[in-house]
Protein chains: 2
Amino acid sequence: MVGKIDPTGKLPPYRQLAEIIKQKIEAGEYPAEMRLPSESELMDEYELGRSTVRRAMNWLREQGLVETVPTRGTYVK
Amino acid sequence: MVGKIDPTGKLPPYRQLAEIIKQKIEAGEYPAEMRLPSESELMDEYELGRSTVRRAMNWLREQGLVETVPTRGTYVK
DNA sequence: TTTCATTTGTCCGTATGTATT
DNA sequence: AAATACATACGGACAAATGAA
């Protein structure tokens, strides 16, 4: 099944989440300009802590895939 | 043009707005006894949420620069 | 007097930023 | 990585008071 986080996997959880989201972006499931699910939603959905979700967001941001607007959300670039 | 809010600036938006208004007061553009623009007007003019505008007002009030009269407005002291 | 628009007061919910432990 | 706390910000909703029509 796609979209599950494996705490014992090769990649750390934050990178796994980042890859999942990256795939969704590239697949068009998350189109440009779309706001990603909030940190809270991602925490619930993938059963991760906020800092883990934020690390994933940081990674995606560093990759130039998304853009974060303070107090608004993170958007697909 | 002076009076633009930079969401990524050093000072948070509410402080930037407060500084703008403070300058106008000190420059005489907003003389004593004058009623400041309403919260709604400031929201529109600077594209800020009401709570942000109100924070700016609180700050100005704490500085002793203005005085607020409920249902009437905020006045330069 | 009644009605209406304006303005501030208050509260709630949600979201990100930062720091600490 | 997680948990927690606090700051900052946006939006909506409703109340209360004022003053004008």
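A note on names: the letters A, B, ... follow the listed sequences, proteins ahead of strands, and every chain is numbered from 1.
Side-chain atoms of A:Glu39 do not come within 3.5 Å of backbone N or O of A:Arg54 as any donor-acceptor pair.
Using a 4.0 Å cutoff to heavy atoms of chain A, the contacted part of DNA chain C runs 5' to 3' from C:dA15 to C:dT18.
Taking CG from A:Leu60 and CG from A:Leu17, the interatomic distance works out to 7.5 Å, rounded to the nearest 0.5 Å. Atoms OG and CE, from B:Ser51 and B:Met57 in turn, are 12.5 Å apart once rounded to the nearest 0.5 Å. With values rounded to the nearest 0.5 angstrom, B:Leu11 atom CG is found 6.0 Å from B:Gln16 atom CD. Here the NZ atom belonging to B:Lys24 is positioned 9.0 Å from the CE atom belonging to B:Met34, to the nearest 0.5 angstrom.
Residue contacts for B:Arg15: at a heavy-atom cut-off of 4.0 Å it reaches no nucleic acid atom on any strand shown. Among the atoms of the strands shown, none is found under 4.0 Å from any heavy atom of B:Ser40. Base engagement by B:Ser51 is indicated by at least one non-hydrogen atom pair under 4.0 Å involving a base atom.
The side-chain hydrogen bond (donor to acceptor under 3.5 Å, both in side chains) search around B:Glu19 returns B:Arg15, not counting sequence neighbours.
Looking at A:Lys22 and A:Leu65, their side chains come closer than 4.5 Å, going by heavy atoms from C-beta outward. For the pair B:Leu48 and B:Leu42, the minimum side-chain heavy-atom distance is 4.5 Å or more. In this structure, the side chains of B:Tyr46 and B:Pro37 stay at 4.5 Å or more apart for every pair of heavy atoms.
DNA chain C is contacted by both A:Arg54 and A:Ser38; A:Ser38 maps to the nucleotide lying nearer its 5′ end (nearest heavy atom per residue).
Atom CD in B:Glu39 sits about 15 Å away from atom P in D:dG11, given to the nearest Å.
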Close N/O contacts between protein and nucleotides 13-20 of chain D (under 3.5 Å):
from: D:dT18; atom 1: O4'; to: B:Thr71; atom 2: OG1; distance (Å): 3.1

Query raised in the report: salt bridge (charged side-chain N to carboxylate O under 4.0 Å, His left out) between B:Arg35 and B:Glu41: does it pass, once the steps are laid out?
Result: CA-CA 12 Å; B:Arg35 207 207 71 181; B:Glu41 288 170 328; 3.8 Å; yes
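Using a 4.0 Å cutoff on non-hydrogen atoms, no part of residues 56-66 of chain B comes near DNA chain D.
Counting only N and O atoms by type, the side chains of A:Asn58 and A:Arg61 include a donor and acceptor under 3.5 Å apart.
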Please list every donor-acceptor pair under 3.5 Å in which a side-chain atom of residues 69-77 of chain B meets a protein atom from a residue at least two apart or in another chain.
from: B:Thr74; atom 1: OG1; to: B:Thr68; atom 2: OG1; distance (Å): 2.8

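Overall bending of the helix from C:dT2-D:dA21 to C:dT21-D:dA2, expressed as the angle between end axes built from five pairs apiece, is 10° (10° steps).
Annotation: B:Glu47, atom CD; neighbour count of heavy atoms from other residues, nucleotides and ligands within 6.0 Å does not exceed 12.
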